[in-house]
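For reference, the structure is listed below as structure tokens.
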Amino acid sequence: FVWQDPNGDSNMQDTEVDFFRWDRAAYAWTRPVKIATTGDLPAKNVEPVSVACDAKSGALVVALPIAGSGVNIAISTDRGATWKVTLVQSTEAPVASTAVAVDNGVVHLAWPHEGPGVEYRTGAVDQEVSKWSKQTSPAASGWKTPDGSNVAIALDGSGKPLIAYYAEQEDGTNRRV
């Protein structure tokens with residue numbers, strides 16, 4: 001969860017992303033664990049943080065923007081007790097939305113890229129992010145993706161990604177998903 005201004009001083013630079021889960025054995029919620037301090041997150045009515053769980057391995061993956069850094073992922077292989085945060089892509093400003101899915105040890109990550117569409121990265125949970133494959137969605141002539149767009153990702157039965165995002169005409173008022 002996103003905890004904005006945890007010390008209540010009206011300075012959003014200490015905003016953080018924390019994780020907790022239901023512990024079936026103890027029949028109780030676990031104590032929150034801080035994943036990262038993100039700084040001030042964009043407030044554009046979109047979802048900047050996303051989480052996924054690999055059903056096979058139990059690995060947890062969180063995609064999140066960090067101010068002054070860019071798009072990051074945090075991976076936990078111990079049920080959320082500890083997290084390794086890794087920069088995926090530097091950006092000038094925090095991205096407004098991320099989407100992540102993980103299946104059979106493969107992470108799929110997408111975020112809107114102002115202009116041509118979405119950025120997409122994929123690679124193994126235990127692989128260096130710099131070795132992940134990179135793609136940008138093809139740009140349709142006359143269409144753009146605004147910076148404050150939501151992006152969603154789902155995997156089909158064979159683990160292939162399906163990505164949805166919002167686009168609008170460069171000139172005019174038409175929109176599409």
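- Between the side chain of Asp54 and the main chain of Val102, no donor-acceptor pair closer than 3.5 Å is present.
- Counted within 6.0 Å of CZ on Arg21, heavy atoms from surrounding residues, nucleotides or ligands total more than 12; the atom is thus considered enclosed.
- In this structure, Tyr120 and His108 have parallel ring planes: the angle between them is below the 30° cut-off, well short of the 60° mark.
- Under the 4.5 Å side-chain contact rule for hydrophobic residues, Val107 and Leu155 do not share a cluster.
- The CG atom of Asp126 lies 9.5 Å from the NZ atom of Lys84; values are rounded to the nearest 0.5 Å.
- The closest donor-acceptor contact from the side chain of Ser76 to the backbone of Thr82 lies under 3.5 Å.
- No continuous path of ILVMFWY side-chain contacts below 4.5 Å connects Val106 to Ile163, so the two sit in separate hydrophobic clusters.
- Considering CD of Gln89 and CZ of Arg121, their distance stands at 5.0 Å, rounded to 0.5 Å.
- Val71 and Leu87 are not part of a single hydrophobic cluster, where members link through side-chain heavy atoms under 4.5 Å apart.
- In this structure, the side chains of Val2 and Thr15 come closer than 4.5 Å at one or more pairs of heavy atoms.
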Quick one, Trp132 with Ile73, criterion side chain to side chain contact (heavy atoms under 4.5 Å, CB included). Give me CA distance, side-chain angles, the key distance, then yes/no. CA-CA 12 Å; Trp132 286 11; Ile73 60 158; 3.4 Å; yes
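- In this structure, Ser137 contributes its side chain and Val118 its backbone to a donor-acceptor pair below 3.5 Å.
- Ala101 and Ala52 make their closest contact through CA-CB, 3.8 Å (heavy atoms, listed as atom of the first residue, atom of the second, distance).
- Here CG of Asn150 is found 14.0 Å from OH of Tyr165. Values are rounded to the nearest 0.5 Å.
- One hydrophobic cluster holds both Val51 and Ile35 under the rule that ILVMFWY side chains link at heavy-atom gaps under 4.5 Å.
- When all heavy atoms are compared, the tightest approach of Gln127 to Gly123 is OE1-CA, 3.5 Å.
- Side-chain contact check for Lys34 versus Trp83: every heavy-atom pair is 4.5 Å or farther apart.
- One hydrophobic cluster, built from ILVMFWY side chains closer than 4.5 Å, holds both Val49 and Val33.
- For the atom pair OG (Ser158) and CG (Asp103), the distance works out to 9.0 Å, reported to the nearest 0.5 Å.
- Taking each heavy atom of Asn72 and Gly70 in turn, the nearest pair found is ND2-O, 2.8 Å.
- Taking CD of Glu16 as the reference point, atom CG of Asn7 lies at 9.5 Å (rounded to 0.5 Å).
- Of all heavy-atom pairs spanning Gly80 and Leu60, the tightest one is N-CD1, 3.6 Å.
- In this structure, Thr98 and Ala63 approach most closely via the heavy-atom pair OG1-O, 3.4 Å.
- For the atom pair OG1 (Thr38) and CD (Gln13), the distance works out to 9.0 Å, reported to the nearest 0.5 Å.
- Of all heavy-atom pairs spanning Val85 and Ala36, the tightest one is CG2-CB, 4.2 Å.
- Side-chain contact between Pro32 and Phe1 is present, with heavy atoms from C-beta onward closer than 4.5 Å.
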Step by step, would you call Leu109 with Val61 a side chain to side chain contact (heavy atoms under 4.5 Å, CB included)? CA-CA 10 Å; Leu109 172 65; Val61 180; over 6 Å; no
